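For reference, the structure discussed in these notes is given below.
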Amino acid sequence: MSASKMSSSRHRNGRPSVRAGIKGVEADTGKVPAAPAAGDLGGGKKDDKPAAAKTDDELKADFAASPKLQAEFADVMDYCAIVRAEAAGKVRVLGQPAAA
């Protein structure tokens, strides 16, 4: 048997154990849910209005209804300020396109 056939044979024979290991991990962990969208921090009711178009009272209501927002921001005014600054193009969340 030539050297290239031998290494190819060894490579193919090693693959089933790798596949079995991967399937074992998939069976143990199950399906991993997708991460929430970056802008989906509200956690409360869904509406069609973007955060930048909301009034301060609406932003305060979103903040009060969302444990995720409360964990991310120190207080409601910090949340309102960042939403307004993003809308004005003064700040940008890394990994997201700039606000239009």
Side-chain angles (χ1 to χ4, degrees):
M1 189 180 312
S2 72
S4 65
K5 285 185 180 180
M6 187 183 305
S7 66
S8 174
S9 172
R10 264 190 253 150
H11 183 69
R12 268 188 257 123
N13 291 337
R15 289 280 185 191
S17 65
V18 172
R19 281 190 222 122
I22 292 171
K23 286 186 180 193
V25 168
E26 289 173 348
D28 290 343
T29 59
K31 293 198 182 265
V32 177
D40 187 22
L41 293 175
K45 67 178 184 168
K46 300 289 179 196
D47 55 10
D48 294 344
K49 195 186 246 187
K54 293 184 177 183
T55 65
D56 280 344
D57 289 336
E58 290 172 320
L59 291 173
K60 289 175 184 178
D62 288 347
F63 184 83
S66 173
K68 288 181 182 179
L69 288 175
Q70 293 172 19
E72 184 175 354
F73 297 97
D75 66 10
V76 69
M77 296 313 294
D78 288 345
Y79 172 63
C80 291
I82 193 74
V83 169
R84 298 292 178 234
E86 283 181 89
K90 294 179 180 179
V91 297
R92 194 179 104 186
V93 176
L94 291 177
Q96 291 184 352

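Heavy atoms only: backbone and side chains are in, while hydrogens, waters and symmetry mates are out. Note that the coordinates shown come from a computational prediction; the quantities given were computed from them, not determined experimentally.
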(request) Determine, step by step, whether L59 and R84 satisfy the side chain to side chain contact (heavy atoms under 4.5 Å, CB included) criterion, reporting the C-alpha distance in whole Å, the side-chain angles of both residues, the deciding distance to 0.1 Å, and the verdict. (result) CA-CA 10 Å; L59 291 173; R84 298 292 178 234; 3.5 Å; yes
(request) Heavy atoms only: give me the nearest A53-E58 pair and the separation to one decimal. (result) O-OE1, 4.5 Å
(request) For A85, check side chain to side chain contact (heavy atoms under 4.5 Å, CB included) against everything at least two apart and list the hits. (result) K90, V91
(message) side chain to side chain contact (heavy atoms under 4.5 Å, CB included), that's the test. Do Q70 and D75 meet it? Break it down for me.
(response) CA-CA 7 Å; Q70 293 172 19; D75 66 10; over 6 Å; no
(request) State the CG-OH distance between D56 and Y79, to the nearest 0.5 angstrom. (result) 11.0 Å
(request) Applying side chain to side chain contact (heavy atoms under 4.5 Å, CB included), name anything that partners A71, two or more places apart in sequence or on another chain. (result) none
(request) Please name all residues satisfying side-chain hydrogen bond (donor to acceptor under 3.5 Å, both in side chains) with D78, sequence neighbours left out, ordered by chain then number. (result) none
(request) First locate atom CZ of F63, then atom NZ of K68, and finally report the distance between them rounded to the nearest 0.5 Å. (result) 14.5 Å
